[in-house]
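Proteins come first, then strands; the chains are lettered A, B, ... in the order of their sequence lines, and each starts at number 1. Just so we're clear, the structure is a prediction, and the values are computed from it rather than from any experiment.
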Number of protein chains: 2
Amino acid sequence: MKTILVLGAGLSASSMIRYFLERSETYDWHLRIVDMDVEMVKRKINGHSRAEALEFNALNRDERLPEIQKADLVISMLPARFHVEVAKDCIELGKHLITPSYISPEMKALDAEAKAAGVLIMNEIGVDPGIDHMSAMKIIDEVKAKGGTITSFKSFCGGLIAPESDNNPWNYKFTWNPRNVVLAGQGGAASFIRNGEYKYIPYHRLFNRLDHHSIPGYGDFVGYANRDSLSYREIYGLQNIPTIFRGTLRRPGYCEAWNVFIELGMTDDTYPMIGTENMTPRQFLNAFLPYNASLPVEEKFKQFLREDRIHLYERFEWLGLFEHTPLIGIENASPAQVLQKILVDKLSLSEGDKDMLVMLHEFIYEINGNKFFHTSYMVNIGEDQVYTSMSNTVGLPVAICAKMILQNEINLTGIHLPVYEHIYDPILKELESFDIKFMEEKSEL
Amino acid sequence: MKTILVLGAGLSASSMIRYFLERSETYDWHLRIVDMDVEMVKRKINGHSRAEALEFNALNRDERLPEIQKADLVISMLPARFHVEVAKDCIELGKHLITPSYISPEMKALDAEAKAAGVLIMNEIGVDPGIDHMSAMKIIDEVKAKGGTITSFKSFCGGLIAPESDNNPWNYKFTWNPRNVVLAGQGGAASFIRNGEYKYIPYHRLFNRLDHHSIPGYGDFVGYANRDSLSYREIYGLQNIPTIFRGTLRRPGYCEAWNVFIELGMTDDTYPMIGTENMTPRQFLNAFLPYNASLPVEEKFKQFLREDRIHLYERFEWLGLFEHTPLIGIENASPAQVLQKILVDKLSLSEGDKDMLVMLHEFIYEINGNKFFHTSYMVNIGEDQVYTSMSNTVGLPVAICAKMILQNEINLTGIHLPVYEHIYDPILKELESFDIKFMEEKSEL
């Protein structure tokens, strides 16, 4: 029997837990799951004989260590900042570990120790990061195997609302942590390289510098730049590529409208506004518009939008920004917290709504003097509000990787990403059986 | 004989030192001055028998304490972050201290200790902060004495180039630390209150929300909001005032053009750009503009400006932003550092140039049912590049306050600002003899 210890069982763990439970007889797995919310874990396990809901505090090392000791494999779905502590325990006890999160510098620094202990710590194996690495590396490796040279690589990912549930003027609902959506893009200029020229986009223009794309059967999308595109040159072995760009997908119009929030100053999370507890949405908006004794907020906002963006007006009206109710009801809230409250009231999922995960890669490369444009895209729709697309695309690659480790199909030690063919190839193949499938189109230029 | 110890003798100390030397016989003063640059101190003293250039390290407590012990009064013109340490020494040794800088929370916390020691620590007694406090409080106290209620107070200050030296399209030259000018307004939204409504302006719109003003004989100015206007309600005893606004003055057009730098992302000081050592001004500009294979930088920049701001184009051309020379020549420079390099090359003072300090207050108040609009303004032009307006307006209030303390004309202890009539009144009067004189205009509304 093999024991899998799962630390943290929130939203994105549901599909992974189901995968393990459905295969637990076949592979003789025993699943031990801990989360602050034990009842939630019990619901997800639903009485399955090969699973156990644990009650210890996963953030307490003394409580965690004996549980790791009992496991054959550890999966940390805890918030990313806790992974390094867990990794140190796993190295000490000689246990493999999987996390879906970005490798932090502290995690990277454990590489030699992990190797010395014969331990594999696989990171960035959810979706963005995860499926993006795997699906991109598949094409990059194919092109390299044919002696080709990649001159341009653009890659986009977006967590969106499924077309059948897309019924508001923003063409968006929160399918993931709203706070991250409100703060998206903050913390520094976005940087990338385009035809050999380094480019920098400050936060307050980020949602105005857009890449337009269509995906067959799913319509139009626009992409705004992620903060860091440049480090992917190293990760993907494309050190000298003249164009590399990573972005986030939204439906057309969303980004231009979102930039209005940024321009107004409504996404600032660095200071508390005065009187937010009894503030109306209208007062919130007015606090960012100039004083004018003779113009109502609506007219001042139209002036702010300018003629060329006046078509966005309806989106803001729909959010209730001109209304006197409801009161924000949060003391000393930052602009970002107030905005989040207003948005969550309007842009949350309704019962029956499904989410959608979209990924798109665009390559330009040359092989033997011929130039190709090659796209690869994947659209996945969630099953329901438990087995969401987000849960499937984050959890299933983790689960499949776990199976491969337990079946001794991976012979790596140290700190890794899923950028190796013997890892990404079987995972991408198995993901297809869950309708997480990349379509490719290639044309000669 | 009274001994004055001056810590730090940079640009803004020249006029103060001259004031002390010219009166040293009359008042029997002995001046002891320390600065890292001893030769500069010697030049400023110019062999005067009542002054001494000291060579100790003013930042070292052990070296500083015996010097403070010998003094009757200490003046710290050191960078603001060092004032608190000096203040602690002065309290310990029972010596009065003057600094022109803002009261930090740490300084404020020394109030009880200073009082217990019978020590006065007078702060914010240069120009903005300093002359602004004094000239505003004079009017505020007058209105209050007449039983009036102030409903609006706007106050502006600007360090600019004198009209006779104003010969570039920016109508601006660096008369103060260029780095502070490049970073001006960063670090949080500007907040103020207008007719009872709290208003917030994010940094990227700060230089586009402008107040227009004329000053008789000196033409037009525009003011952008300072970050903090609200705390002045407490300082000036105007707790319930419905409108209070503090701003910085520039010549018309400067702010709109400066906002273009901000919008582009060129004032960001948080990350190093790649390849700045060998970067051209043109490449620097291009890094913030979208890639376009068929448009030159000039055309992309015009598109960025938009039609309504195209009149600003000349300012950027004049700065050499489209040129291939000179190379920036600084490794790993932030955008703000690169911009500063480009600006310093063009906007520095030329020989013979004079600076100008402009201050403007606008009050609206009611007395006995009558409503008044009352302005008070001061324009001061520097004498030369040593006795600049900045040096005069910072150093002379400090010097006059020093004289008053040494003549036992101030009976305060603790941490203070110059907001008391028995302090500001004689200082403002004496400043008039240095051509630092407020003109007032009052009309009934």
Side-chain angles (χ1 to χ4, degrees), chain A residues 152 187-206 208-211 225 227-228 230 242-243 245 259 261-276 279 282-293 297 304 306-308 334-335 338, chain B residues 152 186-206 208-211 225 227-228 230 242-243 245 259 261-276 279 283-293 297 304 306-308 334-335 338:
Chain A
S152 173
S191 59
F192 59 97
I193 187 166
R194 182 83 194 269
N195 264 33
E197 292 174 2
Y198 287 99
K199 296 288 182 186
Y200 305 89
I201 310 178
Y203 172 58
H204 58 269
R205 284 203 294 139
L206 189 61
N208 269 343
R209 286 266 295 267
L210 304 172
D211 253 56
R227 200 154 105 218
D228 170 35
L230 298 174
T243 297
F245 182 91
N259 217 66
F261 289 141
I262 296 173
E263 286 180 34
L264 286 166
M266 286 182 172
T267 62
D268 194 329
D269 197 42
T270 64
Y271 67 92
M273 296 180 78
I274 296 167
T276 50
M279 184 180 278
R282 188 180 182 87
Q283 285 170 334
F284 175 60
L285 175 58
N286 195 31
F288 298 101
L289 294 170
Y291 178 82
N292 189 314
V297 173
F304 180 80
R306 294 195 312 268
E307 201 51 48
D308 56 308
S334 69
V338 175
Chain B
S152 173
Q186 295 191 24
S191 59
F192 59 97
I193 186 166
R194 182 81 194 270
N195 264 35
E197 293 174 1
Y198 287 100
K199 296 289 182 185
Y200 305 89
I201 309 178
Y203 172 58
H204 59 268
R205 284 202 296 138
L206 189 62
N208 269 343
R209 286 265 296 267
L210 304 172
D211 252 57
R227 200 154 104 219
D228 169 35
L230 298 174
T243 297
F245 182 90
N259 218 65
F261 288 142
I262 296 172
E263 286 181 33
L264 285 165
M266 285 182 172
T267 60
D268 194 329
D269 197 42
T270 64
Y271 67 93
M273 296 181 77
I274 295 167
T276 49
M279 184 180 277
Q283 286 169 335
F284 175 59
L285 175 57
N286 195 32
F288 298 101
L289 294 170
Y291 179 82
N292 188 314
V297 173
F304 179 81
R306 293 195 312 267
E307 200 53 47
D308 57 308
S334 69
V338 175

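Residue with the most contacts toward chain B among A:G275, A:G187, A:A287: A:A287 (heavy-atom pairs, distance under 4.5 Å). Per-residue heavy-atom pair counts under 4.5 Å with chain B were compared for A:A189, A:G265, A:G188, A:P290, and the maximum is reached by A:P290.
Within the 4.5 Å cutoff, the side chain of B:Y291 has no heavy atoms near those of the A:T243 side chain.
With a 4.5 angstrom heavy-atom cutoff, B:M266 does not touch chain A via any of its atoms. The parts of B:I274 that come within reach of chain A are both its backbone and its side chain, each placing non-hydrogen atoms under 4.5 angstrom from that chain. Proximity to chain A (any heavy atom under 4.5 Å) is restricted, for B:R205, to the side chain, taken from C-beta onward. Interface remark: A:F192 contributes no atoms to any contact with chain B (heavy atom separation under 4.5 Å). Heavy-atom distances place the side chain of B:F304, and not its backbone, under 4.5 Å from chain A. Proximity to chain A (any heavy atom under 4.5 Å) is shown, for B:Q283, by neither the backbone nor the side chain. For A:R194, the parts sitting under 4.5 Å from any heavy atom of chain B are the backbone and the side chain alike. B:L264 touches chain A through backbone and side chain together, each having a heavy atom under 4.5 Å away.
Less than 6.0 angstrom separates the ring centroid of A:Y200 from the ring centroid of B:Y271.
The residue from A:T270, A:D269, A:T276 that alone fulfils the side chain to side chain donor-acceptor pair (under 3.5 Å) condition with A:S334 is A:D269.
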